[in-house]
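Written below as structure tokens is the structure these notes are about.
Because the structure is a prediction, the values reported are computed rather than measured.
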Amino acid sequence: MGRSCAVWDPNLDDDRYRNPVVYADYSDPDVVRVGDDFFMTASSFNAVPALPILHSRDLVNWRLINHAVEELPPAFDHPQHGNGVWAPSFNYHDGTFYIFYGDPDRGVYVTKTDDPRGEWSDLHLVHEAEGWIDTAPFWDDDGNAYLVHAFAKSRAGINSVLHVAPMAEDGTHLTGESREVFDGHGDHPTIEGPKLYKRDGQYYIFAPAGGVSDGWQTVLRSEDIYGPYEDRIVLAQGDTDINGPHQGAWVDTPSGEDWFVHFQETDPYGRIVHLQPMSWEDGWPVIGRDDDGDGTGEPVETHEKPDIAADDLPVMAPQTSDDFESARLGLQWQWHGNPQYGWHSLTDRPDALRLFPQAVDQAENLWTVPNLLLQKFPAPSFTATTEISCELGEAAGHGGLLVMGEEYAYLSVRRTADGAELVQGRNTAPVDGEPDEAVERVPLQSPSARLRATVEDGGRVQFAYATGDADPEQIGEAFQAQQGRWIGAKIGLFAVRPDGDGAADGYCDFDSFRIE
């Protein structure tokens with residue numbers, strides 16, 4: 001097997017793997033197996049395209065292959081930080097793939113397809129509700145279908161309880177009232193993210209509890225789908241460094257092994273993906289390593305890979321770098337709102353991305369800008385480099401390399417009365433509408449440069465630039481990357497302009513975007 005050139009490689013040299021298997025913010029992962037193929041989706045919140053689809057043959061190496069949703073409801077034409085697609089579930093039933101998710105402000109949506117690599121159906125509103133989240137379907141042996149879900153207290157006024165509702169077999173609507181099946185207020189506060197399964201005639205609800213950073217994985221068991229349910233903590237941090245190991249998917253392999261995929265909250269990198277071995281004892285799952293035999297496992301840092309009957313499986317990682325040679329943007333890219341015609345072109349200049357500056361709603365603040373083209377941090381440490389050349393009128397905006405979160409910083413090129421300049425800017429309170437601060441300015445002979453951001457382990461970011469054949473030179477102060485609203489920090493490209501004043505002319509070209 002060849003070695004990966006990705007910035008994070010979970011493969012070890014002795015048919016073992018290390019966690020995380022994906023060092024990127026694929027929050028609330030859910031996985032389904034069909035034949036020899038594993039497919040994963042994750043929360044995407046306000047980012048578009050939404051609902052990423054990843055593929056694997058061994059649960060260790062993953063590659064982006066699609067997005068299920070190209071456009072969210074019209075409210076997402078403008079950034080809706082932290083809203084939108086929460087904790088989706090990935091299912092396969094009777095030849096059809098289903099993804100359900102709860103939008104906390106709108107209700108339960110579903111999209112489906114017979115080919116996860118192909119076109120998915122338009123979003124369908126299964127049930128209009130406020131505060132219903134973490135929705136997952138279940139088809140029972142007798143043909144009846146159900147939907148399990150949790151609640152967001154910020155909208156519904158309640159949380160820490162799980163409900164089950166009867167659902168039409170085709171997943172288009174509910175057929176009865178949603179009923180409470182478990183109250184976690186005592187031992188499992190903030191229980192959410194439920195997935196409903198059946199094994200040996202018993203119903204199991206896998207559900208995280210205790211909060212994102214410090215929680216644990218709970219499993220509930222009952223002989224009746226509506227309960228009452230017994231409860232057990234089956235995975236917790238214990239003596240490991242893997243905090244809050246929970247919320248994910250039970251999946252089996254063709255050889256009959258059981259595995260559990262979950263996330264770990266790692267500011268500012270978001271919720272990264274781990275893989276744990278899983279077994280069954282006395283009708284309960286045991287996840288990870290249970291050295292003391294108490295039924296509560298701890299996460300493994302390394303482990304033997306899943307037993308997959310294949311001679312040579314590909315080493316893969318979610319895409320990062322982009323030479324912009326394709327007719328479409330790479331799958332790693334997402335906008336901060338529904339994309340609009342005229343934001344970009346991949347044909348105006350061959351083998352380059354052209355961004356057309358879009359108007360900023362408020363003076364020099366990117367928090368409300370939808371045309372930020374971003375991707376996830378892919379590793380604890382890495383370098384991102386791009387080459388930019390702008391054709392802009394004076395005061396017609398600027399474009400460059402951006403690290404985005406609830407605080408952000410960038411390195412951008414803009415036109416001035418004397419020619420051009422490079423600006424290292426930052427904003428420590430964009431949510432409050434504060435304007436950007438120019439940390440350092442450097443005059444340029446022409447509006448073009450090579451821009452670089454170096455991210456150190458822990459998320460410290462240092463910008464640098466170069467012109468011509470010169471070596472990169474640091475500019476500005478080091479910046480501590482911050483998570484966004486329910487997401488990790490992101491890195492990418494942007495081009496913006498002041499609103500009005502006929503300043504719509506111009507563009508910025510990016511020759512490439514390299515992650516190393």
Side-chain angles (χ1 to χ4, degrees), residues 44-52 64 67 69-81 84-85 319 322-376 384 386-393 395-404 408 410-415 425 430 436 447-448 451 484 487 490-513:
S44 51
F45 300 100
N46 64 289
V48 184
L51 285 174
L64 273 165
H67 287 87
V69 175
E70 293 296 323
E71 186 174 309
L72 291 171
F76 292 87
D77 289 351
H78 301 282
Q80 302 287 322
H81 295 274
V85 179
Q319 298 88 313
D322 199 337
D323 290 327
F324 305 122
E325 296 176 351
S326 173
R328 298 190 63 180
L329 287 167
L331 294 171
Q332 63 269 40
W333 297 109
Q334 292 175 297
W335 302 97
H336 244 28
N338 286 327
Q340 305 296 324
Y341 178 78
W343 281 5
H344 81 288
S345 172
L346 288 164
T347 58
D348 283 3
R349 179 181 162 190
D351 301 336
L353 168 67
R354 177 163 291 180
L355 292 183
F356 299 96
Q358 302 301 303
V360 180
D361 288 343
Q362 51 187 334
E364 295 297 319
N365 185 314
L366 301 181
W367 186 251
T368 59
V369 172
N371 63 303
L372 307 178
L373 186 62
L374 306 174
Q375 60 175 269
K376 307 173 191 300
T386 188
E387 295 188 27
I388 184 174
S389 177
C390 294
E391 290 291 337
L392 300 169
H398 62 123
L401 181 62
L402 169 69
V403 174
M404 186 70 188
Y408 61 79
Y410 56 79
L411 188 55
S412 69
V413 171
R414 72 174 73 215
R415 175 75 67 178
D436 295 351
S448 60
L451 311 180
I487 63 175
K490 288 190 169 185
I491 190 164
L493 309 171
F494 76 101
V496 294
R497 61 175 174 83
D499 198 4
D501 299 328
D505 294 335
Y507 55 83
C508 288
D509 286 342
F510 299 87
D511 285 1
S512 62
F513 183 87

Measuring only between side-chain heavy atoms, which start at C-beta, is [X] closer than 4.5 Å to [Y]?
X: Arg349; Y: Asp511; answer: yes
X: Leu392; Y: Pro447; answer: no
X: Leu72; Y: Phe45; answer: no

Considering all heavy atoms of both residues, which atom of [X] and which atom of [Y] are nearest to each other, and what is their separation?
X: Asn365; Y: Asp436; value: CA-OD1, 3.8 Å
X: Gly397; Y: Pro498; value: N-CD, 3.8 Å
X: Tyr408; Y: Pro430; value: CE2-CB, 3.5 Å
X: Gly506; Y: Pro357; value: O-CD, 3.4 Å

What distance do [X] atom [atom1] and [Y] atom [atom2] have between them, rounded to the nearest 0.5 Å?
X: Arg497; Y: Arg414; atom1: CZ; atom2: CZ; result: 14.5 Å
X: Leu329; Y: Phe513; atom1: CG; atom2: CZ; result: 12.5 Å
X: Leu401; Y: Leu493; atom1: CG; atom2: CG; result: 6.5 Å
X: Glu325; Y: Leu346; atom1: CD; atom2: CG; result: 11.0 Å
X: Arg354; Y: Glu391; atom1: CZ; atom2: CD; result: 8.5 Å
X: His78; Y: Thr368; atom1: NE2; atom2: OG1; result: 9.0 Å

For this session: Could you pull out all residues at least two apart from Lys490 that satisfy side-chain hydrogen bond (donor to acceptor under 3.5 Å, both in side chains)?
Result: Gln334
Exercise. Ring pair (Phe, Tyr, Trp, His ring centres under 6.0 Å) with His344: which residues, sequence neighbours excluded?
Worked result: Trp335
Seminar exercise, completed: Phe494 meets the ring pair (Phe, Tyr, Trp, His ring centres under 6.0 Å) criterion, sequence neighbours left out, with His398, Tyr410
Exercise. Of Asp348, Leu373, Thr386, which meets side-chain contact (heavy atoms from CB on, under 4.5 Å) against Leu353?
Worked result: Leu373
Would you find a donor on one side and an acceptor on the other, under 3.5 Å apart, between the side chain of [X] and the backbone of [Y]?
X: Asn338; Y: Pro73; result: yes
X: Asn371; Y: Ala495; result: yes
X: Gln319; Y: Leu64; result: yes
X: Gln80; Y: Ala75; result: yes
X: Asn46; Y: His336; result: yes
X: Asp322; Y: Gly330; result: yes

Problem set entry | Derivation of the side chain to side chain contact (heavy atoms under 4.5 Å, CB included) call for Val48 and Glu70 | CA-CA 7 Å; Val48 184; Glu70 293 296 323; over 6 Å; no
